[in-house]
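Note that this is a predicted model, so its numbers are computed, not measured.
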Amino acid sequence: MGGAFSTARAQSRPPNIIVILADDLGYGDLGCQGSRIRTPNIDRMAAEGARFTNFYAASSLCSPSRAALLTGRYPVRMNIPSVLFPNDTRGIPETETTMPQMLRSGGYRTACVGKWHVGDRAQYLPVSRGFDEFLGLPYSHDMLPLRLMRGEEVLTTEPRLESLTQTFTEEAVNFIGRNTENPFFLYLAHTTPHIPLLAGRQFRGKSRFGPYGDNVEELDWSVGQILRAVGEQGLDGNTMVVFTSDNGPWYQGSKGTLRGRKGETFEGGMRVPFIVRMNGSIPAGRVISSMATMMDLMPTAARLGGVSRPGLPLDGVDIWPVLNGETDEVRRPPFLYFESWQLQCARVGNKKLHLSRYNLPPWTPGPARVNLPLARPELYDMESDPEESYDEAPDFPEAVAQIRTQVEEALLTFPDAVRSAYRNTMLLRVEDTPAGAYPVQAQ
C-alpha cells in the first residue's frame, strides 16, 4: 500500500534525473558492450532500458567533456578547450546556465557527488553553479593538492583514494533517500577507472583483469546501489537514470574495435557507452544506433523537467523522442570533433570527415606537437566502418565538399580562437611545420 502510494505521488511530479559519469571508461569495457569484465548491474540497466551504439562525449578530455554535459554547449564556446589544472583561473563562466541551475527553476533539488573538474575557484565550484549540495573533489584524484570537499569546506587533503567510490556511492544513496518528496537531479561523477587505480578492499584482485578490471567492477557495484535505492523508494517509474563516460580509455581499458584513445578525435577517444533507464517510459532492451551526444542531455532534461531552456543557443538536441521510441533519430546539425581549439573532424549523418590531425599522439615525448591539415581529407562511413579503416573520400568527393561547407558555416558561430585555429591550420605548408611533422599540402 505504502509503495503504491509513493509511486503514484512520484509520478504526479516531474521525473528525477540521475547522471552517473565514469572517468576514462572505454567503449568496450562493459559486459553489454562485449567485455569480459563483469558488469551485471550496468548490463541489467541496459536490458531494462536503452543502449546507444553511437553516443559521443563532446571532447576526448575530461574538463571540456564535463563542461559540455553541464551546459549543452561545446566547451570551446566557454574557454574550456582542454584539461583544467589546480588553481586554474577558468571555470564554467557565469554567463553560462548549467543543468542544475535550469532544473532548480522547476523546483528540483540538486546534488553533485564525486569529481567536478570544471573550475576550483569559489565562483566556479558546484554550490556556486547550481548545485544545492556537493561532496567530492574539485579536480582529478591524480592532481595535487588533493582536497575532499563538502560545499566550499575542505574536509581533508588526504582522502583515502581506495574508498572514494564507496564514499560517493553512500552520499548519492543518502541524497536519494532524503528527496522522495520533491524532484531531484543527482550528478554522480566517479573518479574511476581513471588512474591511479585503487579499488576498494572487497573488489581488489577479484576481477581477473587486474586493477583496471577491479575498478570497473566496483563502478558496476555502485550503479547497482543507485538502482536499488531508486527502487526501494518507489521511484523506478519516475526516475531517468543515465550511465556514460566522459571520454574514451587512457592507458588501460578497451575502446572495443574502435581506432584511437583518450586525447584523440578518432572514435575510440570520443565514442562512449550510453545507457539510460526509466521504467514505463523508455522501452526495455532497445539498442539505438541513432547518433547522440553528451550535449543532448541538457535540452532533454529541460523537456522532462518542464523548464525553459537557457538563453544562449544550445548545441545539443532533445533526444527524448528517440528514447521513448517515438522516432528512430532526430535531426541535428553537424557534430564537430575538437581537440583543444582545433576542429579536426565533423560527422554528418553516417559520414565522418577528418580535416586535420596532430603530428604526434597525445601523452608522448617528441618534437613540437602541432595540428596539421591532412594532405587529402579522409571520409569514413560510421555505419559500415566505425573502425575508420577505409577512406571513402576518393569515391565521394561531393560528400567531402558538402561536409566541409557545413563545417565552415558552423564555424561562423564560434569564438575567434576557434576560427583562427582552423584558418591557421588550413594555411599551413610543409615548410611551416616543425621538424618531425609529417608532410602536408596546402589546402
Side-chain angles (χ1 to χ4, degrees), residues 19-26 29 57 59-67 69-70 80 82-88 90-91 111-121 124-127 131 133-172 186-204 207 210-223 225-226 243-253 261-263 272 362-363:
V19 176
I20 306 172
L21 186 68
D23 195 347
D24 288 2
L25 182 76
D29 281 330
S59 170
S60 65
L61 296 172
C62 177
S63 299
S65 180
R66 292 158 194 264
L69 185 156
L70 290 165
I80 307 181
S82 56
V83 175
L84 301 184
F85 290 90
N87 300 314
D88 200 301
R90 293 169 297 157
C112 173
V113 180
K115 173 178 168 180
W116 178 238
H117 213 178
V118 280
D120 67 349
R121 296 202 169 190
Y124 299 132
L125 289 172
V127 291
F131 286 103
E133 304 177 24
F134 170 53
L135 175 73
L137 309 178
Y139 34 71
S140 289
H141 67 307
D142 63 337
M143 295 180 174
L144 297 174
L146 196 57
R147 293 178 286 172
L148 179 64
M149 305 180 69
R150 183 176 290 280
E152 296 182 353
E153 177 189 359
V154 177
L155 300 179
T156 178
T157 56
E158 297 181 346
R160 295 177 59 244
L161 299 187
E162 66 271 20
S163 68
L164 287 179
T165 299
Q166 181 172 344
T167 297
F168 297 153
T169 302
E170 290 174 353
E171 180 75 8
L186 169 62
Y187 175 47
L188 174 56
H190 280 294
T191 55
T192 192
H194 189 295
I195 58 173
L197 296 166
L198 298 167
R201 183 167 50 188
Q202 69 183 99
F203 295 95
R204 207 171 303 147
S207 72
Y212 188 88
D214 298 345
N215 275 259
V216 173
E217 292 193 0
E218 185 173 21
L219 175 66
D220 179 76
W221 164 82
S222 175
V223 172
Q225 295 300 299
I226 300 303
F243 177 84
T244 188
S245 177
D246 63 345
N247 45 249
W250 197 0
Y251 293 109
Q252 301 184 61
R261 302 183 76 82
K262 175 179 178 176
V272 294
W363 329 115

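Summarising the geometry, atom CD belonging to Gln252 is positioned 5.5 Å from atom CG belonging to Leu197; distances are rounded to the nearest 0.5 Å. Rounded to the nearest 0.5 angstrom, Ile80 CD1 and Ser65 OG are separated by 11.5 Å. Residue Ile20 holds its CD1 atom at 7.5 Å from CG of Leu186, rounded to the nearest 0.5 Å. With values rounded to the nearest 0.5 angstrom, Asp88 atom CG is found 11.5 Å from Tyr139 atom OH. For the atom pair OH (Tyr251) and CD1 (Ile195), the distance works out to 6.0 Å, reported to the nearest 0.5 Å. To the nearest 0.5 angstrom, Leu135 atom CG is 14.0 Å from Trp116 atom CH2.
Using a 4.5 Å heavy-atom cutoff, the side chains of Lys262 and Pro362 are not in contact. Side-chain contact between Leu137 and Leu146: present, with at least one pair of heavy atoms (C-beta onward) separated by less than 4.5 Å. Annotation: side chain of Thr165 is not in contact with side chain of Phe203 (no heavy-atom distance under 4.5 Å).
His194 and His141 have perpendicular rings, their planes meeting at more than 60° on a 0 to 90° scale where under 30° would count as parallel.
Closest approach of Phe134 to Val127, counting heavy atoms only: CB-CG1, 4.1 Å. When all heavy atoms of Leu84 and Gly119 are compared, the pair lying nearest together is CD1-N, 3.6 Å. Pro196 and Leu161 make their closest contact through CG-CD1, 4.0 Å (heavy atoms, listed as atom of the first residue, atom of the second, distance). Residue Ser222 comes nearest to Thr169 through the heavy atom pair OG-OG1, 2.7 Å, listed as atom of the first residue, atom of the second, then distance. Annotation for Leu148 and Pro159: closest pair CB-CB, 4.1 Å, computed over non-hydrogen atoms. Ser245 and Leu21 make their closest contact through C-CD1, 3.6 Å (heavy atoms, listed as atom of the first residue, atom of the second, distance).
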Worked verdict on Glu218 versus Leu164 for side-chain contact (heavy atoms from CB on, under 4.5 Å): CA-CA 11 Å; Glu218 185 173 21; Leu164 287 179; over 6 Å; no
Verdict with supporting geometry, Val83 and Met143, side-chain contact (heavy atoms from CB on, under 4.5 Å): CA-CA 11 Å; Val83 175; Met143 295 180 174; 3.8 Å; yes
For a side-chain contact (heavy atoms from CB on, under 4.5 Å) check, start with the C-alpha distance between Phe168 and Leu188, then their side-chain angles and the critical distance, and finish with the verdict. CA-CA 8 Å; Phe168 297 153; Leu188 174 56; 4.0 Å; yes
Tell me, with the steps shown, if Phe243 and Leu25 meet side-chain contact (heavy atoms from CB on, under 4.5 Å). CA-CA 11 Å; Phe243 177 84; Leu25 182 76; 3.7 Å; yes
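Between the side chain of Arg150 and the main chain of Glu133, no donor-acceptor pair closer than 3.5 Å is present.
Residues passing the side chain to side chain donor-acceptor pair (under 3.5 Å) test with His117, sequence neighbours excluded: Ser63, Ser140. Residues satisfying the salt bridge (Lys or Arg N to Asp or Glu O under 4.0 Å) test with Arg204, not counting sequence neighbours, are none. Scanning for side chain to side chain donor-acceptor pair (under 3.5 Å) contacts around Tyr212 gives Asp29, with sequence neighbours left out.
The side-chain hydrogen bond (donor to acceptor under 3.5 Å, both in side chains) with Asp24 is formed by just one residue from the set Asn247, Asn215, Thr192; it is Asn247.
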